[in-house]
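See below for the structure under consideration.
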Amino acid sequence: MHTLLPELSKTPLNDDQHRFFQQFISSLSPEQLAWAGGYLTGLISGGSSLSTVVTTASDGGGGADITILVGSQTGNSEALAEQTQQLAASRGLRTVIKKMGDYKIPQLKTEKNLLVIVSTYGEGDPPDNAKGIHEYLFSKRAPALKQAHFAVLGLGDSSYEFFCKTGIDFDRRLEELGATRIYHRVDCDVDFESTAEAWMDAVLNELATRVETKPQSAGLSLPSFTVSTSSTYSRKNPFPAVLLENIVLNGRGSIKETHHVELSLEDSGLSYEPGDALGIYPTNAPDVVDDLLQALRFNGEEQVNVDGKNINIHEVLFRHYEATTITRPMMQKYALLAKNKNLDQLLDDNHKKQLNDYLYGREIVDLISDFPTENLSPQAFVECLRKLPPRLYSIASSLKQHPDEVHLTVAAVRYQSHGRNRKGVGSTFLADRIGEETTIPVYIDRNNNFKLPADPATPIIMIGPGTGIAPFRAFVEEREAVGASGKNWLFFGDQHFETDFLYQIEWQRYLKSGVLTRMNVAFSRDQEQKVYVQHLMAEHGKELYAWLQEGAYLYVCGDEKRMAHDVHEALLKIVAYERKLNHAEEYIANLQKEKRYQRDVY
Amino acid sequence: MIDVTPEELEKRVEVERIKDASNYLRGTLVKSLQDPLTGALAEDDTQLSKYHGIYQQDDRDLRDERRRQKLEPHYQFLVRIRVPGGVCTPTQWLEVDRIANTWCNHTIRLTTRQAYQLHGIVKRDLKKTIAEINGTLLDTIAACGDVNRNVMCNPNPYQSRLHAEVYEYARRINEHLTPRTTAYHEIWLDEELVTSSRQDEEPIYGKHYLPRKFKIAVAIPPSNDVDIFANDLGFIAIAEDDRLAGFNVTVGGGLSMTHGEENTYPRLADVIGYCPKNKTLQVAEEIVKIQRDFGDRTNRKHARFKYTIDDRGVDWFKFELNKRLGWNIEAPRPFTFEHSGDRYGWVDGANDTWHHTLFLQNGRILDTEDYPMMTGLREIAKVHDGDFRLTANQNLIIGQVSDKKKPIIDALLKKYRLADSHQQTGLRLNAMACVAFPTCGLAMAESERYLPSLIDKLDVVIKEAGLENDPILVRMTGCPNGCARSSLGEIGFIGKAPGKYNLYLGAGFHGQRLNKLYRENINEEQILEELTPILHRYAREREQGERFGDFVIKAGYVKEVLAGKDFHS
């Protein structure tokens with residue numbers, strides 16, 4: 001057994017413990033190791049058996065025959081990787097999970113069996129931690145991978161035009177580089193569980209024919225003792241949380257509507273860390289459902305069969321299926337029912353631009369109204385739809401300050417388009433209707449890519465305009481609770497100082513006590529020229545760079561489309577200026593590699 | 001004489017130490033103004049800003065709501081613009097109107113001391129506001145704080161020639177007693193920091209200014225509209241052959257008190273003598289210095305000039321004054337006050353000019369759908385080439401209108417429904433209320449927002465009793481500080497709690513007597529229950545020309561108050 005512990009600095013152990021643990025582990029047979037792992041896990045979860053999740057270290061794991069390479073912005077891909085690993089172990093296959101962000105790219109040439117699980121982000125982009133390897137694979141330096149066998153599982157959202165593009169990219173490119181595909185690429189929409197599980201089953205079956213299996217040889221990488229939850233509740237089995245508080249944070253007169261929501265996690269066994277997200281299963285708004293039923297000319301009582309159960313269509317549209325967002329697959333399925341020439345034309349390859357134009361600002365009710373179907377069967381209609389996915393919100397609290405509670409900062413999305421009032425499903429569910437529910441189905445979505453530094457003395461810079469402030473409230477609460485000595489610098493921006501300074505009195509309190517070292521704010525509509533967080537960064541560029549040189553971690557949370565991009569540009573400019581260079585990409589890339597530039601953007 | 005030992009400073013109230021450390025009213029105001037994380041000034045600076053004419057306030061209607069929203073109070077600032085004697089130009093009016101609609105809450109408030117008050121300014125607009133006010137040759141310095149405030153002067157121009165002369169003195173006193181510190185110009189007007197020695201920066205006030213506010217008024221008999229006896233120092237113009245000869249000097253007036261503390265009380269000034277006009281500034285200065293030196297700096301509730309005098313006696317004061325003057329104040333000359341209200345509508349002035357006095361309920365100028373008074377006044381200001389005069393009753397006089405301009409202005413008055421502003425009962429025309437909610441941090445009950453509707457109900461009684469045309473002085477304040485001179489109301493209301501007031505009766509019609517507590521802590525229903533029979537009885541039983549305030553004493557409702565010390569007895 002030549003299993004190696006991660007190096008001392010990457011563990012929470014001291015010198016003696018590290019040495020002892022190293023010796024102990026090395027002395028164990030695979031069966032003994034599996035037992036020890038289970039025993040320790042049981043010890044942590046206080047004895048309750050059930051489905052314990054053992055998080056895996058991203059390092060080491062020599063000797064495994066299969067690498068599961070994971071690229072993810074949220075916790076979904078990682079969770080699926082772990083699930084794959086466990087399934088593999090139960091079939092006697094040894095796997096090691098490697099995160100794309102930590103992956104030493106030269107190792108690619110040594111991979112024999114590669115399972116790639118990667119999500120697509122925004123308008124067809126790889127997640128942050130996958131960018132490095134993605135770029136490498138598409139560059140001239142990409143190696144020949146004749147030795148490798150691979151399969152790709154892509155995660156995405158079919159309401160985006162470039163659905164699962166990153167998965168498509170990896171799948172195509174690996175083949176181009178000479179690797180052998182052992183199973184066709186599988187794309188998962190937002191409701192991914194069953195599709196992903198089918199993929200896991202299929203690829204592991206394939207791999208079992210090629211790879212030496214060892215009975216009960218788990219090939220577990222060592223636990224990193226991060227979050228070990230003893231909860232029965234998960235994405236598949238959400239916890240019914242009670243609402244504690246729902247207030248609008250914006251002052252009277254604001255045009256914004258940002259809600260501060262507090263939910264109880266008492267008796268759930270759920271725990272989370274700052275940087276994690278809360279998944280919530282919303283329902284559709286009753287008036288949205290009614291409008292859609294009216295457009296469909298259904299009365300709502302029509303029975304449809306969903307997952308083997310007969311439910312009336314009103315309930316189905318209210319609770320189970322997406323009733324607003326149009327996805328291309330949905331449109332295509334509906335087109336087969338509508339048999340409408342105009343709709344068909346819109347969907348053909350020559351009309352991509354017109355399709356995009358049509359989709360902009362429209363929802364399923366528009367599709368039905370614009371292209372009605374004669375004698376539409378409720379069942380056929382429902383089969384065009386996809387399941388109502390849960391919504392993720394960055395958690396705005398620290399358990400250490402609010403035991404058994406989880407707080408959220410959510411902006412209610414309301415707008416008008418094409419003559420109708422529209423609303424964001426999740427955000428208005430939280431804003432308008434959670435008070436009417438007895439409980440709300442929730443789960444914790446771990447995000448290992450957005451975490452406070454392990455060392456509490458490390459300085460941190462947080463850039464979180466608008467609702468992007470949420471995880472930073474959690475960060476600062478946590479740092480206060482543990483008495484972290486590290487400096488904290490927060491950048492915030494919104495429209496108006498008087499009404500939109502989210503959590504103002506909390507920040508004032510932290511500044512006074514010294515927990516918050518610095519805070520800079522920009523209110524874009526309080527003066528003639530618009531001022532945003534990137535302008536503040538530029539104004540304090542010298543100081544910002546000094547903090548980075550001291551080892552500070554930089555976090556960005558909030559709007560992906562414009563803010564994150566502008567902040568990134570500002571960062572490049574600052575570093576370039578301070579280092580007297582023409583460009584600063586290398587410095588920034590290095591920050592990313594060291595996990596010192598983390599983003600939670602949406 | 002002006003310097004103070006550290007031990008002595010320790011015994012004084014906190015505000016005195018703030019003044020001491022402020023370097024002549026600078027404090028950390030510049031830094032406070034720049035702090036973008038709060039709409040408030042640093043705490044000490046909120047005391048110092050007063051000397052610059054600025055009060056920090058917050059919208060009290062929103063306080064609780066914002067706290068729950070994790071937002072700080074909705075901080076905003078009041079800026080008070082000094083208008084000595086209440087006289088200003090149409091250009092200045094237009095500027096104040098523009099500033100009010102650009103940086104403030106789209107209203108102008110005429111105060112009970114003939115000043116402009118602007119509300120709702122946020123911190124980041126404060127400097128611009130002050131700079132623009134100064135740009136129109138008005139200022140805000142010493143409009144609040146422990147200094148001499150805006151000097152009042154009867155604006156009624158039907159004695160135009162005498163008024164012009166007297167007004168000059170009011171203006172000169174105002175100027176003479178303005179703080180000399182260059183802090184105001186450094187902070188608001190970006191003028192250069194003067195680095196020379198600051199030893200004599202305040203020759204009259206010294207480093208610690210006064211123990212409390214100091215109010216000066218100048219009256220021209222027979223009108224006591226300025227309520228001269230409510231002021232710390234008063235000058236009653238004495239004329240000889242229609243020319244100003246000198247002034248009777250009054251000292252020790254002041255109306256503020258604290259509920260439940262009977263060693264605080266309103267006091268009317270004593271007439272202590274006469275000075276020839278060329279000695280006016282010297283007299284004013286020496287009296288201010290006496291208060292500076294003897295006023296109580298260990299207890300702000302006991303710091304007003306009235307207590308300094310009552311503690312030692314008027315004789316002591318006269319002795320001290322004469323000593324400092326180096327000559328003796330003469331015996332007072334005869335004078336009579338006959339009224340304190342405004343004369344509404346068009347009045348023929350001297351020199352072929354006209355004056356039109358407008359009734360502006362509570363001095364609040366704003367546009368509503370039914371009553372576009374702010375626009376109307378703006379339009380009048382655009383064509384007017386005379387002056388505007390703020391009265392002591394929160395009203396406005398369009399002054400020095402030529403024969404030629406009169407029809408133009410008259411047409412505008414009609415167009416904007418201002419012409420008949422004074423078609424109200426005598427009760428309403430003589431009613432005054434302070435601002436109170438939502439901006440005043442000291443208010444215990446509503447005042448400006450409530451008095452009009454109370455008067456609506458009292459008007460019903462008034463009309464039933466046949467008293468529509470009878471002037472009765474009604475004064476309401478939201479707290480016992482008495483900014484709208486509630487202790488001088490023939491009917492006075494002082495707020496105690498939301499919806500509850502103390503009811504006072506019996507003040508003198510021309511400001512010569514304080515009222516007295518009649519009922520404590522009553523609500524609207526009880527107010528109407530109490531006043532209705534009294535008003536009816538007054539209508540029935542009064543003698544020819546007898547005033548309401550005198551009647552209620554004669555009829556035994558309240559006892560006559562002869563001195564402030566007896567106010568509570």
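Just so it is clear: chains get the letters A, B, ... in the order the sequence lines come, proteins before strands, and each one is counted from 1.
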Select one option (side chain, backbone, both, neither) describing which atoms of Ile247(A) are under 4.5 Å from chain B's heavy atoms.
-> side chain

Pick one of side chain, backbone, both or neither for Asn250(A), based on which atoms fall under 4.5 Å of a heavy atom in chain B.
-> backbone

Where does Leu62(B) contact chain A at under 4.5 Å (heavy atoms): side chain, backbone, both or neither?
-> side chain

Look at the rings of Tyr510(A) and Trp507(A) and say which category their plane angle falls in: under 30° parallel, 30 to 60° tilted, over 60° perpendicular.
-> tilted

CG (Leu249(A)) and CD (Glu257(A)) are apart, to the nearest 0.5 Å, by 11.0 Å

Indicate yes or no: does Lys400(A) engage Glu480(A) in a salt bridge with an N to O separation below 4.0 Å.
-> no

Okay, side chain of Tyr393(A), backbone of Ser427(A): is any donor-acceptor separation there less than 3.5 Å?
-> yes

Engaged part of Gln76(B) at the chain A interface, taking heavy atoms whose separation is under 4.5 Å = neither

Could you tell me the separation between the CG atom of Asp494(A) and the OG1 atom of Thr467(A), rounded to the nearest 0.5 Å?
-> 8.5 Å

Pair Leu118(B)-Val96(B), side chain to side chain contact (heavy atoms under 4.5 Å, CB included): steps then yes or no | CA-CA 9 Å; Leu118(B) 299 173; Val96(B) 173; 4.2 Å; yes

Heavy-atom contact with chain A under 4.5 Å, split by part of Arg68(B) | backbone

Which answer fits Tyr503(A), side chain, backbone, both or neither, if we ask what part of it has an atom under 4.5 Å from a heavy atom of chain B?
-> both

Quick one: of Asn520(A), Asp526(A), Leu511(A), Val521(A), who has the most non-hydrogen atom pairs under 4.5 Å with chain B?
-> Asp526(A)

Name the region of Gln508(A), side chain, backbone, both or neither, that has any atom closer than 4.5 Å to a heavy atom of chain B.
-> side chain

Considering residues, nucleotides and ligands other than Lys31(B), do more than 12 of their heavy atoms fall under 6.0 Å from its NZ?
-> no

Hey, which of Phe497(A), Phe492(A), Phe501(A) has the most heavy atom pairs under 4.5 Å with chain B?
-> Phe497(A)

With a 4.5 Å cut-off on heavy-atom pairs, point out which of His74(B), Arg124(B), Glu65(B) contacts chain A the most.
-> Arg124(B)

